[in-house]
Number of protein chains: 2
Amino acid sequence: MAHKPRTEMIAETRAKLVTAARKAFGTVGYAEASMDDFTAEAGLTRGALYHHFGDKKGLLQAVIAEIDGEMSARMSAVTRQAPSRWQGFVDECVTYVEMALDPEIQRIILRDGPAVLGDPSQWSSQTACIRNMTATLEKLIEERTVRTIDPRATAHILNGTMLYASLLIANAEDQRKASQEAVRAMTALLDGLLAKPEAA
Amino acid sequence: MAHKPRTEMIAETRAKLVTAARKAFGTVGYAEASMDDFTAEAGLTRGALYHHFGDKKGLLQAVIAEIDGEMSARMSAVTRQAPSRWQGFVDECVTYVEMALDPEIQRIILRDGPAVLGDPSQWSSQTACIRNMTATLEKLIEERTVRTIDPRATAHILNGTMLYASLLIANAEDQRKASQEAVRAMTALLDGLLAKPEAA
DNA sequence: TAAGATCACATACGCCCCGTATGTAGATGA
DNA sequence: TCATCTACATACGGGGCGTATGTGATCTTA
């Protein structure tokens with residue numbers, strides 16, 4: 001029974017740390033998560049953490065990158081199977097809101113992330129989601145479906161729109177009702193982007 | 001030279017603490033702000049802080065309440081002197097974006113606040129700004145200027161829209177250009193709320 | 001395949017920061 | 001004027017973090 005190669009072992013411990021941290025950050029939050037505690041839970045010590053990620057912030061970045069990769073994958077899947085380009089864009093937005101309902105995502109991506117790492121739009125990761133949306137917008141503007149506005153700026157701003165829609169829903173007593181209201185308001189706003197606005 | 005009455009002295013020390021904390025939170029951030037440091041800067045100790053505010057979070061709440069009061073005042077001033085109700089609403093939004101450009105506000109209200117205290121829409125204070133906007137929206141819907149959407153949900157969502165517009169501008173290399181792009185995108189979105197959409 | 005170098009972690013130490021428990025001086029009220 | 005209360009300061013203990021150091025296993029090279 002030979003040992004696994006070294007690189008594989010390393011990847012494994014990195015994954016163990018990221019998983020344990022993600023769980024801790026997602027539940028008790030970044031500030032309250034004791035490095036001693038969640039490294040121990042992964043069968044390791046802080047030594048491993050510092051070796052691989054530099055510090056607590058570095059580990060948070062890794063966790064965020066992992067989450068963001070998952071979100072990005074889901075979004076592009078939605079875009080691919082949309083009937084029209086505009087509908088695909090709207091679906092993308094709705095999917096984003098749905099994903100942001102996850103308490104773990106809210107805690108790590110929306111609350112602690114910005115506080116610790118600063119403006120999300122600067123993160124290499126978060127940009128992935130936004131880049132998707134920017135690209136879609138560019139095409140929509142090119143084909144004259146959408147007004148001539150700056151696609152990057154619009155994507156960033158819509159990012160905020162959707163995140164706060166998620167917050168609204170997540171904290172509502174009646175989530176179903178809140179979700180309907182939020183989607184309705186959001187689609188109304190999105191209609192404003194259209195070159196030929198639809199009737200209300 | 002008689003001493004000042006006691007209640008006045010108390011209000012003064014509270015104000016001193018809030019001011020010192022606001023400065024510290026706004027520059028180095030909540031987590032990095034040492035209570036020993038900024039209380040000393042106010043000529044006090046942590047004892048005073050715990051006595052008046054319970055803990056660090058309590059002080060942050062007080063700081064946020066102060067800032068939010070100022071923001072609320074500015075917003076209602078803008079609303080009062082608007083030519084039309086819809087224009088007043090748009091101005092309100094633009095003002096909000098402008099205020100959120102302040103690094104202190106970004107740091108305290110947008111980054112650290114949510115991380116420490118949770119969803120901003122739950123803060124008694126933040127509600128002030130949102131309530132303003134909700135009220136304006138209600139009237140606009142009543143007079144059929146705006147589509148029939150839920151005003152509270154819309155206000156919350158727009159809150160996010162504007163905050164991220166501010167982030168975008170604040171972090172841009174060319175702030176003037178970014179601000180133009182952001183305002184353009186925002187007004188486009190807002191047009192979507194109108195019952196009779198304006199031509200692009 | 002054996003010796004040396006390297007790497008992936010664990011251990012150990014000190015510092016700072018926080019929360020609480022306790023002390024105290026001055027204002028208040030009879 | 002004395003008892004009480006209040007607004008703070010001081011003192012103490014604990015925990016978390018960052019770093020410096022140690023160690024055993026793996027990889028390299030001849």
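Throughout, a chain's letter reflects where its sequence line sits, starting with A, and its residues are numbered from 1.
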**Message:** Does the protein touch nucleotides 8-18 of chain C at the base, only the backbone, or not at all? Give it as B, S and - per nucleotide, heavy atoms under 4.0 Å.
**Reply:** BBBBB----SB
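No side-chain donor-acceptor contact under 3.5 Å links Arg111(A) to the backbone of Gly29(A).
Rounded to an integer number of Å, the gap from CG of Asp55(A) to P of dG18(D) is 6 Å. Counting to the nearest Å, the P atom of dA7(D) and the CZ atom of Phe53(B) are 12 Å from each other.
Residue pairs meeting the salt bridge (charged side-chain N to carboxylate O under 4.0 Å, His left out) criterion with at least one member in residues 83-97 of chain A, sequence neighbours excluded: Arg85(A)-Glu143(A). Applying the ring pair (Phe, Tyr, Trp, His ring centres under 6.0 Å) test to residues at least two apart or on different chains, the pairs with a partner in residues 23-43 of chain B are Phe25(B)-Tyr30(B), Phe25(B)-Phe38(B).
Listed by residue number, the members of residues 16-29 of chain A with any heavy atom below 4.0 angstrom from DNA chain C form an empty set.
Atoms NZ and OG1, from Lys196(B) and Thr145(B) in turn, are 8.5 Å apart once rounded to the nearest 0.5 Å. For the atom pair CD of Glu41(B) and OG1 of Thr39(B), the computed distance is 9.5 Å after rounding to the nearest 0.5 Å.
Between Arg22(B) and Glu70(B), at least one side-chain N (NZ, or NE/NH1/NH2) sits under 4.0 Å from a carboxylate O, which counts as a salt bridge.
Residues satisfying the side chain to side chain donor-acceptor pair (under 3.5 Å) test with Asp36(B), not counting sequence neighbours, are Arg46(B). With sequence neighbours left out, Gln106(B) forms a side chain to side chain donor-acceptor pair (under 3.5 Å) with no residue at all.
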